[in-house]
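What follows is a single structure, written as structure tokens, with notes after it.
A, B, ... follow the sequence lines: proteins, then strands. Residue 1 opens every chain.
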Amino acid sequence: MASIDSSLEPILARYGRAPSALLQILRDAQEAFDWISPEVRSAVAHALDIPATQIDCLTQFYAHLYDEPCGRYRVLFSDNITDRMADAPALMARMLDQFGLEPGEVSSDGLLSIATTSCTGMCDQGPALLVNNRAVTRLTPERIDALCALIRARTPLDAWPSEFFEVNDNIRRADMLLGAACASGEAIRAALARGRDGMFAEMKKSNLRGRGGAGFTTAVKWEACRDAPGEARYVICNADEGEPGTFKDRVLLQSYAGRVFEGMAIAGYVTGAKKGFLYLRGEYSYLRAPLEAKLAEMRRENLLGDAICGDPGFSFDIEIHMGAGAYICGEETALIESLEGKAGKPRIRPPFPATHGYLGQPTVVNNVETLCKATEIAIQGGVFYAGQGTQQSTGTKILSVSGDCERPGLYEYPFGVSIAQVLEDCGAENAFAVQIGGAAGCCLAPHEFDRRIAFEDVPTAGAFMVFGQGRDMFETALNFANFFEHESCGFCTPCRVGTAVIARMMNKIDAGHGARYELNELNRLDVLLRTSSHCGLGQNATMALRDMMQKFAPAFERRLSLKDFEPGFDLDAALAEARALTGRDDAAAHLGADS
Amino acid sequence: MNAPFPPRAKKRLKIATATLGGCFGCHMSLLDMDERFLERAKLVDFDRSPLTDIKHCGPCDIGLIEGAVCNAENVHVLREFRAHCRTLVAVGACAINGGLPAQRNPLDLGGLMRKVYCDRVDETAQIPDDPELPLMLDKVYPIHEIVRIDYLIPGCPPSADALWKFLTDLIEGRTPRLDYAHFRFD
Ligand SMILES: Cc1cc2nc3c(=O)[nH]c(=O)nc-3n(C[C@H](O)[C@H](O)[C@H](O)COP(=O)(O)O)c2cc1C
Ligand code: SF4
Ligand code: SF4
Ligand code: FES
């Protein structure tokens with residue numbers, strides 16, 4: 001107990017023993033102790049004077065918190081479809097084999113466990129895995145063997161070869177944002193020169209729409225926050241980037257962090273917020289230290305802190321909060337719950353965060369890329385900005401291209417670019433299908449490749465996954481079904497039960513026991529989830545499935561049983577135990593197939 | 001001029017009902033329809049049902065199943081109904097989810113049987129092995145995991161009003177629809 005207290009004390013002190021920092025405290029405790037043991041659990045509960053069940057709430061909700069020992073090295077293979085297409089399952093099997101483990105099993109010496117995680121945001125350099133929250137990219141059989149040796153030798157992660165952790169930007173096409181050099185402080189100074197109202201007017205003129213998925217007009221959001229009554233205002237940068245197939249925010253935070261933070265400061269300037277949060281997904285933990293360093297540098301340059309750039313009326317600072325493995329925390333109200341130290345379950349909207357957000361106060365939540373866009377508008381003005389892209393989708397959009405193509409990575413285009421153009425540029429002219437917007441997006445077949453990326457046609461937060469000839473789209477649909485079942489937060493019944501039933505039916509079809517009946521049920525569930533789920537996760541969970549059932553029907557049909565219906569399990573085997581108990585083997589002690 | 005369609009005799013619908021692993025509560029709810037049930041009975045004929053004592057189901061329009069699938073016999077009855085009923089309806093929580101009988105699912109079947117049949121002092125302790133008795137399945141299953149189901153009526157039991165509404169819809173050719181009040185239980 002003494003050793004727990006001594007290691008826990010600095011963690012508690014770091015967060016001022018605030019119950020609202022519970023998630024951050026547990027994350028750090030997890031790192032220090034490898035798991036949230038009953039002793040750690042009660043010590044934290046005692047120190048924060050909260051019920052221990054509040055801790056259970058978080059350990060059971062967040063995938064990267066463990067209330068059971070999971071080994072000193074916790075290895076999680078990325079299970080996104082692009083990783084799977086790049087042979088991740090075989091690599092995982094290789095590693096399991098070397099240690100003689102089953103997925104999720106902890107080795108008897110407590111050294112390690114190996115399992116899967118939904119997405120690591122490394123689709124352009126996969127297959128990837130996380131080991132104790134650090135991403136290892138570009139896995140090969142050789143790299144797996146090297147990893148196994150390091151783990152066997154109990155080498156601390158800091159002493160692993162740094163190239164294992166190397167994350168490349170892979171910028172393939174740069175435009176307004178990725179291509180423009182921008183001096184530190186340039187955007188903030190430009191905004192200050194325009195004044196609060198002037199900057200807001202430019203935002204309005206730009207017609208900038210959010211890049212996180214929903215495409216809400218940013219100026220309207222900022223205005224609502226600015227004008228809402230409140231004691232304090234907040235700016236939140238949504239860097240949860242959990243959508244499988246998206247990784248552009250990772251690059252922006254790695255190589256354009258100054259612009260992200262300046263964008264947040266500008267949002268603070270316009271809305272009157274003095275405090276900002278960067279909500280960084282746990283999978284991007286490796287970015288935390290450089291981001292903290294960048295913040296410190298900006299404070300030194302007087303670009304953050306009090307009286308920014310000498311303006312006594314402009315104070316703003318930024319704090320980084322870490323996520324802990326929950327896709328739903330990208331949804332803005334779930335994110336705010338998580339930021340307040342709770343399980344990330346979406347709130348009922350309205351009221352919207354712009355008026356009732358963090359701690360019930362007016363709050364702007366914007367995507368990383370959206371905030372970068374605000375810096376462009378500060379420097380170049382709204383009219384110039386609105387001149388790029390299409391009428392309803394101004395400016396440029398960064399696409400995260402992955403899958404079966406020669407050049408995966410980031411492609412920045414003015415809105416309105418055709419799918420075919422992107423495919424040509426990334427070296428995938430012969431594509432079989434493209435999944436746009438991640439698992440929650442739509443699936444396009446070749447006859448639609450002349451469609452365009454824009455809110456008017458194919459909207460997207462940026463994921464662009466390419467499937468080459470010979471790919472089986474059922475596999476993708478199955479992967480997504482398992483993903484949504486895992487990531488549903490469980491708050492509302494249509495999604496909690498619906499995603500589970502869908503996953504079960506898809507797995508039944510995969511096992512060869514599905515029939516038309518299941519396909520009909522899947523279509524019915526699609527309508528049910530779309531129309532009655534509480535938040536965007538459930539509402540969009542079947543979009544890809546619906547597209548794939550329609551456009552790639554043979555992939556489903558060829559797996560169907562010849563029967564009208566069949567159980568998903570062996571009925572005769574279900575009697576085996578009773579046969580053994582009674583010693584019977586007569587005809588009535590067996591169940592044949594339904595005739 | 002075309003001759004008018006010859007008038008057709010209105011078809012009398014045939015209904016069958018069965019209880020698998022259930023408590024007859026859902027059937028009680030059917031009887032709870034009281035005089036409405038008699039009125040309904042004028043429009044329909046009953047085939048196999050605990051209400052008629054007919055032992056095997058012939059071709060039917062509607063089959064109502066109460067209870068979960070607990071043993072081999074339940075499977076046979078359910079298959080017989082599926083084979084003969086155009087429309088098969090899961091009635092009540094047991095049929096839909098496994099309900100109360102499925103409470104045994106987390107327990108080990110052997111341990112359960114020994115507890116019931118062997119931990120007794122008064123008789124020769126033995127798990128019955130008579131071939132007349134249906135064997136228990138490893139787990140209790142909802143009926144839709146064994147055969148295709150067309151509709152379900154929620155409740156434990158569904159209220160007489162809910163059953164009345166549902167059957168009236170089915171008989172009159174409307175897609176059955178229960179209003180919130182029909183499945184609000186608190
Ligand atoms: C399930 C779900 C996941 C989401 N994940 C993200 C995310 O990772 N990053 C993001 O910026 N927005 C995400 N969003 C959208 C946010 O709720 C919100 O609309 C967005 O952050 C607003 O910023 P914007 O206006 O700049 O786009 C998600 C929404 C849902 C429903
Ligand atoms: S739709 Fe899914 S993720 Fe959203 S609140 Fe409901 S259960 Fe949670
Ligand atoms: S659903 Fe309820 S009333 Fe109907 S058989 Fe089951 S336990 Fe009895
Ligand atoms: S409120 Fe209880 S499950 Fe939705």
Report every donor-acceptor pair between chain A and chain B with a separation under 3.5 Å, backbone and side chains included.
unit_1    : atom_1 : unit_2    : atom_2 : d
Arg504(A) : NH1    : Glu145(B) : OE2    : 2.7
Asp564(A) : OD2    : Arg148(B) : NE     : 3.2
Ala574(A) : O      : Asp138(B) : N      : 2.7
Glu577(A) : OE2    : Gly110(B) : N      : 3.3
Arg584(A) : NH1    : Asp130(B) : O      : 3.2
Arg584(A) : NH1    : Leu133(B) : O      : 2.7
Gly592(A) : O      : Arg79(B)  : NH1    : 3.0
Gly592(A) : O      : Arg79(B)  : NH2    : 3.0

Looking at every non-hydrogen atom in both residues, tell me the closest pair between [X] and [Y] and how far apart they are.
X	Y	result
Ile146(B)	Phe569(A)	CD1-CZ, 3.7 Å
Ala588(A)	Pro131(B)	CB-O, 4.3 Å
Ala72(B)	Leu575(A)	CB-CD1, 4.1 Å

(message) Under a 4.5 Å cutoff for heavy-atom pairs, which residue among Ala578(A), Gly568(A), Ala574(A) has the most contacts with chain B?
(response)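 Most heavy-atom pairs within the cutoff with chain B belong to Ala574(A).
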(message) Checking an interface table here. Which of residues 474-484 of chain A come within a heavy-atom distance under 4.5 Å of chain B?
(response)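 Within residues 474-484 of chain A, near chain B: nothing under 4.5 Å.
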(request) Kindly write out the residues that satisfy salt bridge (Lys or Arg N to Asp or Glu O under 4.0 Å) with Arg84(A), not counting sequence neighbours, or none if the list is empty. (result)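 Listed in chain order: Asp79(A).
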(request) Starting at CD1 of Ile127(B), measure out to CG of Leu581(A) and round the result to the nearest 0.5 Å. (result)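 Spacing of CD1 (Ile127(B)) from CG (Leu581(A)) equals 4.5 Å.
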(request) Sorted by first residue and then second, give each side-chain hydrogen bond (donor to acceptor under 3.5 Å, both in side chains) pair with at least one member in residues 545-556 of chain A; sequence neighbours left out. (result)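 Pairs touching residues 545-556 of chain A that pass the test: Glu448(A)-Lys551(A), Asp526(A)-Arg546(A).
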